[in-house]
Amino acid sequence: AVSWNAMIRGYAVNGHLDEAKQCFAKMPNPNSVTWTTIVAALAENGNIDDAKAMFDKMPERNVVAWTSIVAAYAQNGHLDEARELFEKMPHRNSYSWNTMISVYVQNKDLHEAKRIFDAMPGKNLVSWTPLISAYAQSGHLDEAKRLFDEMPQPDVVLWTAMIKAYAENGNITEARRTFDLMPQRNIVTWNVMLAAYCQVGLLRDATRQFEEMPERDLVSYTTVISAEAQYGRLERARALFDEMPLRDIVAWNTIIAAYSQAGNLSEARNLFEKMSTHDVVSCNIMIDAYARLGYLEEAKRELEKMPRQDVISWTTLITAYAFFGYVEEAKALFDSTPEKNLLAWNTLLEANCQHGELDDARTLFENMPEWD
RNA sequence: UCAACGAUGUUAUUAGA
C-alpha cells in the first residue's frame with residue numbers, strides 16, 4: 001500500500017489527477033493514507049465536491065482525514081463550511097488547529113485567527129508564524145515583533161517570516177539586521193531578503209545579494225526578473241530569463257508580463273506560444289496584454305479560449321472595456337460573469353462613475369449583495 | 001515507513017502612501 005500511495009501522491013503533486021484516480025481505482029486495499037491523499041489532491045485542483053464525496057465514502061475517518069477536508073473547503077473559498085467541519089470533527093490535533101488559524105489569516109480575519117489561536121491547546125511554531133505574519137501585514141509590526149520576541153526558540157521559518165514582516169513595512173534596515181542576526185538561513189531566507197531589496201527599488205543591492213547567494217533557484221531568478229522589468233530594464237530581465245538553467249511556468253509568465261507591460265505585444269505573444277503549458281495566470285497576462293493596447297476583441301477571444309476563467313480574467317477584461325469607454329459592453333460582460341463577486345461589482349461600479357453614468361451606478365450599488 | 005498545518009517569485013481592480 002505504501003508504494004501505491006507514493007505513486008498516487010506522485011501523480012497528484014504533478015497535476016495528473018486522472019492518473020492518480022485510475023491508480024486509486026485499481027488499488028486493491030486503499031488505506032486511510034490513500035484516501036486522504038486523494039481528498040487533498042482533489043481539493044487542490046478545485047474539485048471540492050469530488051473531495052467531499054470521497055471524504056464521505058471513506059470507510060473510516062481519522063484526524064488527518066478531517067483536517068484535510070477542513071483545509072479543502074478553506075482552499076476553495078468555503079470558509080463557513082470549513083469552520084463548521086472543524087467544530088464537528090471528533091478530535092482535533094495541532095494540525096487541525098493550525099489549519100484553522102492560517103485559514104483565517106489567509107482570509108484576513110485576524111480577529112478570528114487570534115480567537116482560534118487563544119483557544120488552541122499546545123501551540124507550536126506553526127501556530128505562531130502565520131499570526132505574526134498577519135500582524136505585520138495589517139501594519140501592526142510592533143505586535144508582530146512582540147510576539148516574535150516571546151518565542152524562546154524561533155526556527156528558520158519564523159525568522160524568515162520576521163524578515164518579511166520588516167520588509168513589508170518598508171524597514172529594510174531591520175530586515176537586513178534580522179537576516180544577519182539569525183543563526184541559519186536557507187534558500188527561502190535569501191529569497192525573502194532578495195525580494196525585500198527589490199520591493200524598495202534597491203536593485204544594486206538585490207543584484208549583489210543575488211550574486212552572493214549560496215544557491216539560486218527559480219524563485220530567486222523570477223524575483224529579480226520581475227523587479228528589473230518593473231524598473232524598465234527589460235533587457236536585463238530577458239538576459240536573466242535566458243540565463244536560467246530551468247524555467248517553470250511562473251518564470252515564463254513573468255517574462256511575458258514584462259513584455260506586455262512594456263507594450264511589446266508581439267514578443268509577449270511569441271513567448272506565450274512557445275510555452276508548453278498555460279495556466280490561468282498566463283492567459284490572464286495575455287488578456288491584459290491585448291486589452292491594455294485596446295485590442296478588446298482579441299482580449300475577449302483569449303478569455304473565451306480559457307478552459308476556466310477566474311475573477312482576475314473577468315476584471316481585467318471588464319476594466320479594459322470600461323477604460324476605453326465601452327461601458328455598455330462592460331456591463332454586458334459583467335452580466336455574463338458566472339459569479340458576481342464583490343470585486344467585479346466594484347469594478348463595474350467604478351466604470352459607471354468614471355463615465356458619469358451615475359444613475360446606473362446607483363442602481364448597481366443598490367443591487368449589490370454586499371458592500372465594502 | 002507513505003497522507004492533513006507556518007516563511008519566498010508571475011496577472012486584474014480598489015485603497016494607501
Side-chain angles (χ1 to χ4, degrees), chain A residues 1-9 12 31-41 43 62-72 93-103 105 124-133 139 155-165 167 170 186-196 198 217-227 229 248-258 260-261 279-289 291-292 310-320 342-344 346-351 372:
Chain A
V2 176
S3 42
W4 280 93
N5 290 343
M7 283 278 291
I8 293 176
R9 179 163 171 74
N31 60 19
S32 53
V33 175
T34 324
W35 284 96
T36 314
T37 306
I38 288 285
V39 169
N62 60 17
V63 208
V64 180
W66 277 97
T67 306
S68 47
I69 195 70
V70 168
N93 63 14
S94 63
Y95 280 63
S96 336
W97 286 94
N98 289 338
T99 298
M100 280 317 290
I101 293 173
S102 56
V103 159
V105 165
N124 56 29
L125 279 171
V126 181
S127 334
W128 291 83
T129 308
L131 202 67
I132 290 176
S133 299
D155 64 359
V156 205
V157 174
L158 183 54
W159 276 101
T160 306
M162 202 56 219
I163 296 179
K164 176 98 158 64
N186 62 18
I187 180 88
V188 177
T189 318
W190 282 90
N191 285 340
V192 169
M193 198 59 228
L194 182 65
C198 290
D217 66 2
L218 289 163
V219 176
S220 333
Y221 274 95
T222 314
T223 302
V224 180
I225 291 173
S226 174
D248 68 355
I249 196 160
V250 177
W252 280 94
N253 291 344
T254 306
I255 194 71
I256 294 173
S260 160
Q261 279 150 20
D279 64 4
V280 196
V281 176
S282 331
C283 299
N284 288 344
I285 290 168
M286 280 316 292
I287 294 175
D288 183 57
R292 68 169 58 221
D310 67 4
V311 202
I312 298 187
S313 329
W314 289 103
T315 41
T316 305
L317 195 60
I318 293 173
T319 315
L342 197 53
L343 213 51
N346 283 341
T347 302
L348 190 62
L349 189 61
E350 176 84 1
D372 67 357

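Heavy-atom basis, side chains included; hydrogens, waters and symmetry copies ignored. It should be emphasised that the depicted structure is a prediction, and the values quoted were computed from it without experimental measurement. In what follows, every chain begins at residue 1, and chains take the letters A, B, ... in the order their sequences are listed.
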Inset, instruction - Verify, without hydrogens or angle tests, whether A/Thr254 (side chain) and A/Val250 (backbone) share a donor-acceptor contact under 3.5 angstrom. - result: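 It does hold such a pair.
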Inset, instruction - Return yes if some donor-acceptor pair links the side-chain N/O of A/Thr129 with the main-chain N/O of A/Val126 below 3.5 Å, else return no. - result: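 Side chain of A/Thr129 to backbone of A/Val126: no pair is present.
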When you get a sec, tell me which of [options] is the closest nucleotide to the side chain of [X]?
{"X": "A/Thr223", "options": "B/rG6, B/rA12, B/rG9", "result": "B/rG9"}
{"X": "A/Asn186", "options": "B/rU8, B/rU10, B/rA7", "result": "B/rA7"}
{"X": "A/Thr67", "options": "B/rU11, B/rG6, B/rA4", "result": "B/rA4"}
{"X": "A/Val64", "options": "B/rA4, B/rU10, B/rA7", "result": "B/rA4"}
{"X": "A/Ala195", "options": "B/rU8, B/rA4, B/rA12", "result": "B/rU8"}
{"X": "A/Val2", "options": "B/rC2, B/rA12, B/rU8", "result": "B/rC2"}
{"X": "A/Thr160", "options": "B/rG9, B/rA4, B/rA7", "result": "B/rA7"}
{"X": "A/Thr319", "options": "B/rG6, B/rU13, B/rG9", "result": "B/rU13"}
{"X": "A/Val33", "options": "B/rA7, B/rC2, B/rU11", "result": "B/rC2"}
{"X": "A/Leu218", "options": "B/rG6, B/rG9, B/rA12", "result": "B/rG9"}

Inset, instruction - Answer yes or no: does a side-chain N or O of A/Arg9 lie under 4.0 Å from OP1 or OP2 of B/rA4? - result: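 Result: yes.
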Inset, instruction - Identify which one of A/Val219, A/Thr160, A/Val156 satisfies the side chain to side chain contact (heavy atoms under 4.5 Å, CB included) criterion when paired with A/Val188. - result: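 Going through A/Val219, A/Thr160, A/Val156 one by one, the side chain to side chain contact (heavy atoms under 4.5 Å, CB included) with A/Val188 is satisfied by A/Thr160 alone.
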Inset, instruction - Using a heavy-atom cut-off of under 4.0 Å over every strand shown, decide if A/Thr316 touches base, sugar-phosphate, or nothing. - result: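 Sugar-phosphate, backbone atoms only, no base.
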Inset, instruction - Under 4.0 Å between any heavy atoms, over every strand shown, what does A/Asp310 touch: base, sugar-phosphate, or nothing? Just pick one. - result: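 Result for A/Asp310 = nothing.
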Inset, instruction - Check each of A/Asp279, A/Thr316, A/Asp310 against A/Asn284 using the side-chain hydrogen bond (donor to acceptor under 3.5 Å, both in side chains) test, and report the only one that passes. - result: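 Single side-chain hydrogen bond (donor to acceptor under 3.5 Å, both in side chains) partner of A/Asn284 among A/Asp279, A/Thr316, A/Asp310: A/Asp310.
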